[in-house]
Structure formats: C-alpha cells, structure tokens
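Residue numbering restarts at 1 for every chain, and letters A, B, ... go by the order of the sequence lines. Below, all heavy atoms of this structure are taken into account, side chains as well, without hydrogens, waters or symmetry copies.
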Amino acid sequence: MSQQHSRQEFLPPATTATVTVFASPTSWIESDAVAQCHQVAALDGMMHVAAMPDLHPGKGAPIGAAMASTILYPFLVGSDIGCGIAVFPIKLKRAVPEKLAARFPDLDRALDPEQDADDPAWAVVKGDIPAGHVEGLGTVGRGNHFVELARIGTVFEPGHVSRLELAAGDLVLVVHSGSRGLGERILRAHTEVHGAGPAPDPDAYLAMHDDAVRWGSLNRRLLAARVAHALGTEPTEPIVDQCHNLVEVRDGIYLHRKGAAPGDGRDVLIAGTRGTPSYLVAAHAGPEAGHSVAHGAGRKMSRADALRRGRAKHTVEELRRTPVGSLVVCGDRQLLFEEAPTAYKRIEQVIDDLVDHDLATPVATTIPLVTYKTPDLGSTPRDRRRKRGRS
DNA sequence: ATGTTC
C-alpha cells in the first residue's frame, strides 16, 4: 500500500480535469485565457472547467468560467465575491436621457446610517446588514460596474416577457455591482496566510462568502432604490438578480463561478456594453457547462490596451453619447476609455454561442438610455453637495 | 475588481 502510494507521486495526477470552451471556433477567445483554464484544470481536486464565450484572462484565474472541484479555492472566485447583475422594473412618465442623467444621485457616496437616516432607500433593508458592513453601502464601485436605465427592446419570447409583467418599450434599471470592500477583505484575509491555496476550513470561508453574496444583492437593491427615488418613483423588487462571482456547493462539489452566472433554469441578464444592448436570457445549462452561462460581453482588450488604443480612436464625446443614443455618466476619462464598447467582444456573438451550445434562449434585449458609472465631469464637489441636499 | 498609487 505504501509502495503504491509512493509510486503515485511520480506519476501525473490520476485524473486531469476536463476543459470545455463553449464558443465557436471564430469567436474571440484569447489563448492566455485558455491557458489559465488549463492551469486551473491542473489544480488538486479539480474535476471540470467550463469556459463561457465571454472568457478572458483574469488575475491568476480566468474570467468567464465555472470550475468544479472537490477542494475549495477562494482565489477562483476572486475579491469581488457576490458581484452580480439585477434588473428592476421602473415606471417613469417620460424618459429623456439628458434630463434623467442629470438626476442620478452621487453613487460614489455611501449611505451613512446616521447622516442619511431619513433616506427612503433604507426601506429595502429588511433584516440586518450582512457582516454589519456599512462601509461603501449604496455605492456602485468602479471597473465594469454600473447602474443603467434601459428600455426593453426586441422581444424574442413574448410569453416569457409578459410573465415578467414587461413589454417592449418598458423601462428597467440594470444594476451591476458587487460586495465592494467586504469581499476584498475576505479574500485578502485568506490570501495573506494561504496564497492561492485551498481554504483550510471551507465552511468558515463559506460563511463569510455567503455574507458577501447577501451584501452584494442588498447593495444592488439599495442602488436601484436610490436611483428610483432620485428619478421620482418608487423602488421595485428585481425580476432578475444573479450573482456571477461565487462558489456553490453542489452534491458535495465546490462549483466556483468567476464571471459566470448560474444558468440552471434561471433568467439571467447578460450585460452588453455601454453602447450596445444587453440580453435577458432563459438559461438552461447542464453539468458540462458547469450549470452556468456567460455574464457579459467579456473584455476583448486589457484595460491598458483599451486606454492606449481608445485615446487614438475615440473622443470623449462619442463615448459619452453612444451609437444607441444613450448617455454615459462618467466623470473619469480613463474609465470611459477602458470601458469603451470597442474594448469588449460583440455581445451578439456571445449570445449566439450560448444558443448554439443550447445553454440559453434569448428572451428580450435591453437598450441603454442612461448608464451611470461615476459622477459626471462638470459636477464639482460643491454641485454634488447641493444635489445631495435636494435628494 | 479594490476604503489602490508616488
């Protein structure tokens, strides 16, 4: 027995995890990202890596993948535990992008439980704030996060859309945000001791992880409520709220999702870009796909490349007023270039790949009207203080 | 991605 044991140490792992890429051969998939999938596949305990058509390289681990393992690796979820996309119906009498863009509240400023005690957005908080973490509550964050006012565009599945009590032309708020500093703190606490190694006490990690997932969902509700009130209407319950950075325990296996949304019989909003439609899909992914679907268009360029190439190719004005006629509220010029639609893959190709692999059925598109990322240029600190005073 | 950078 001991002989058998020692012999195995000189052999390759008995089982090498499978890697499946759910994309067509012509889809834009960087070889670096596929290489990362194979690095993940070589980890102890790894069983299967399912790469989504929005796959792109991440920091250490690929983004746009579901990874099933007998061992829990916190770095495969990353720091933004609980990040996800929620969709909230919203009713407005008129939707003129210019007028509405000016009314968005400052979503870089956290809701303070004492100073903002009378803010009506608090009504969406039913129980305790997860982990008691009030820092950054109600803020959208940076990177690819946003709050978007959009209208339902093409309807592919009329029955499904009417079951959601929606119709073409109706307005929705799409909120993409995560757990801000909380998830970052949870990953850092692990990494400082164990690096990219497994969680020594998976249940202890999962308890903190679950807090971050709940916090992210609550934060998306708070963001939607802040915007709804600022636009003169009441908050609603989300019709969709799927988290794409999390680990799910399934039949005793840890299914890590990093930029992959739960796709087993659920509706998912797959984000396009700040200038193209997004797709609401009915997801029906099986085990081969890690029960998952894509979470967005997926980056085609690194942030550095997008900034360098974008400055040569685009003006700030054309990025703020997009091809679909929407406005982008983003006072951070660098972020505006990093998040340019041309820095992303074509969302239609991502959706086609999901459909071709029978992972999802398109239900409807959402067309942006106003995408809020961070307070606008020309909005000085004094302007923002005055705006707060009014709201 | 991030209570981040010099």
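The CD atom of E338(A) sits 13 Å away from the C1' atom of dT2(B) (whole-angstrom rounding). The distance from atom CG of L137(A) to atom C1' of dT2(B) is 17 Å, rounded to the nearest whole Å. Note: NZ (K258(A)) to P (dT2(B)) measures 10 Å, nearest angstrom. The CG-P distance, from D80(A) to dG3(B), rounds to 9 Å in whole Å. Straight-line distance from the CD atom of E135(A) to the P atom of dT4(B): 9 Å, rounded to whole Å. Taking atom CZ of residue R142(A) and atom C1' of nucleotide dT2(B), one finds them 11 Å apart after rounding to whole Å. Atoms CD1 (I81(A)) and C1' (dT2(B)) sit 12 Å apart, rounded to a whole Å. The nearest whole Å value for the distance from the CD atom in E192(A) to the C1' atom in dT2(B) is 14 Å.
Centroid-to-centroid, the aromatic rings of H244(A) and H176(A) come within less than 6.0 Å.
Side-chain nitrogen and oxygen atoms of H133(A) include none within less than 4.0 Å of the OP1 or OP2 phosphate oxygen of dG3(B). One finds no side-chain N or O of R185(A) lying less than 4.0 angstrom from the OP1 or OP2 phosphate oxygen of dG3(B).
Within 6.0 Å of CH2 on W122(A) lie more than 12 heavy atoms contributed by other residues, nucleotides or ligands.
Among the heavy atoms of the strands lying under 4.0 Å from G181(A) are primed sugar atoms or P, OP1, OP2 only; no base atom is included. Within the 4.0 angstrom heavy-atom criterion, only backbone atoms of the sugar-phosphate kind lie near G143(A); the bases stay farther away. Among the heavy atoms of the strands lying under 4.0 Å from R303(A) are primed sugar atoms or P, OP1, OP2 only; no base atom is included.
Shown here are the side-chain hydrogen bond (donor to acceptor under 3.5 Å, both in side chains) partners of H357(A), two or more places apart in sequence or in another chain: there are none.
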Name each donor-acceptor pair under 3.5 Å that joins a side chain in residues 277-287 of chain A to protein atoms two or more places apart or in another chain, with its distance.
from, atom 1, to, atom 2, distance (Å)
S278(A), OG, G272(A), N, 2.8
H284(A), ND1, D358(A), O, 3.1
H284(A), NE2, T361(A), OG1, 2.8

